[in-house]
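First the proteins, then the strands, lettered A, B, ... as listed; each starts at 1. Below, each value reflects all heavy atoms present in this structure, side chains not excepted, and no hydrogens, waters or symmetry copies.
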Number of protein chains: 2
Amino acid sequence: MITSPRAHRMTKQRQIILDVLRSTDCHPTADWIYEKVRQEIPRISLGTVYRNLRVLKEIGDILELNYGSTYSRFDGNSRAHYHFVCLECGNIQDIHVPVYTELDKAASEKVDGKVEFHRMEFYGTCSGCQ
Amino acid sequence: MITSPRAHRMTKQRQIILDVLRSTDCHPTADWIYEKVRQEIPRISLGTVYRNLRVLKEIGDILELNYGSTYSRFDGNSRAHYHFVCLECGNIQDIHVPVYTELDKAASEKVDGKVEFHRMEFYGTCSGCQ
DNA sequence: GTACGTGCAAATATTTTGCAGCAGT
DNA sequence: ACTGCTGCAAAATATTTGCACGTAC
């Protein structure tokens, strides 16, 4: 018998978590998502939110960000893109520039292994904090 | 009276923590550093290690990395450089390529704020995990 | 019907902090 | 001497997990 890859069920909880994440352009924390989803499913637990965020990340539907904080933020846009992090307020913006895939090749030659992709975060001060 | 910038004292603890971090090319966790420093100062506390890592980071002597883990890793090399993270084992290598400072300028034009620097991490599989 | 998913609560893991005494400058 | 720093222990924070029941497929 062939071991099939683990099937994922689209539960009401998982769907709404994904919807919440896709409907915002901020990069929320697990707790922010929890509060938001609770407006639709009041009895959902924080554990369920975390479990679903992990699954969605493994599937590749969302990204987990952890830039300088003790907690993670999540991004409903899984296409490769860069971020701008404000050093003052911690806010994160998406940056709309094409991804420099050629950098992976340059890095490959300097590394003991196989490079698959990269992430880049720009840091500075956002206009609100100037 | 002029408020002077807060002075930092170079204690035995702080010096040894910095020495430990500078003498390794791995990117250790706070706990790894704690165990290492304990060989020299057996009664040091983990709280002291965390407090000093924070100060050293603020001074700019070390870097705090948190790429995909629930815990931070630290880097005794504070000059700008890139990292290669193995997706299998979590190991981190330094990459010796010149830093692309021109990317900051390109990002500046797309961002609502002032870009000061960037960080980049390459992901893939290290040779030991192939 | 099967086995993945859920809610709940307790457990982990990591990092921070209050306090009284210690030590660098 | 002044004030930052330390060890200790407890607290705070974020995330994970065991369990019995629920539900997507």
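A:Ile95 places none of its side-chain heavy atoms less than 4.5 Å from the side chain of A:Gln93.
Between the side chain of A:Arg54 and the base of D:dT16, no donor-acceptor pair of N or O atoms lies under 3.5 Å. At a cut-off of 3.5 angstrom, counting only N and O atoms as typed in the model, there is no donor on one side facing an acceptor on the other between the side-chain of B:Arg9 and the base of D:dC5.
A:Val20 and A:Tyr34 fall within a single hydrophobic cluster, where Ile, Leu, Val, Met, Phe, Trp and Tyr are joined by side-chain heavy atoms under 4.5 Å apart, directly or via other members.
Salt bridge A:Arg38/A:Glu35: present, at least one basic N to carboxylate O contact under 4.0 Å.
Nucleic acid contact class of A:Thr29 (heavy atoms, under 4.0 Å, all strands): none.
A cation-pi geometry, defined here as NZ or CZ lying under 6.0 Å from the six-membered ring centre and within 45° of its normal, holds between A:Arg119 and B:Tyr123.
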**Request:** Could you check B:Leu103 against B:Val115 for side chain to side chain contact (heavy atoms under 4.5 Å, CB included), going step by step and ending with a plain yes or no?
**Result:** CA-CA 10 Å; B:Leu103 296 180; B:Val115 174; over 6 Å; no
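In this structure, B:Gln13 reaches the D:dG7 phosphate: one of its side-chain N or O atoms is under 4.0 Å from OP1 or OP2.
Within residues 32-52 of chain A, the residues approached by DNA chain D to less than 4.0 Å at the level of any non-hydrogen atom are A:Leu46, A:Gly47, A:Tyr50, A:Arg51, in residue-number order.
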Listing time: all N or O pairs from protein to nucleotides 10-13 of chain C that are below 3.5 Å?
none

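Using a 30° and 60° split on the angle between ring planes, B:His27 and B:His83 fall in the perpendicular class, above 60°.
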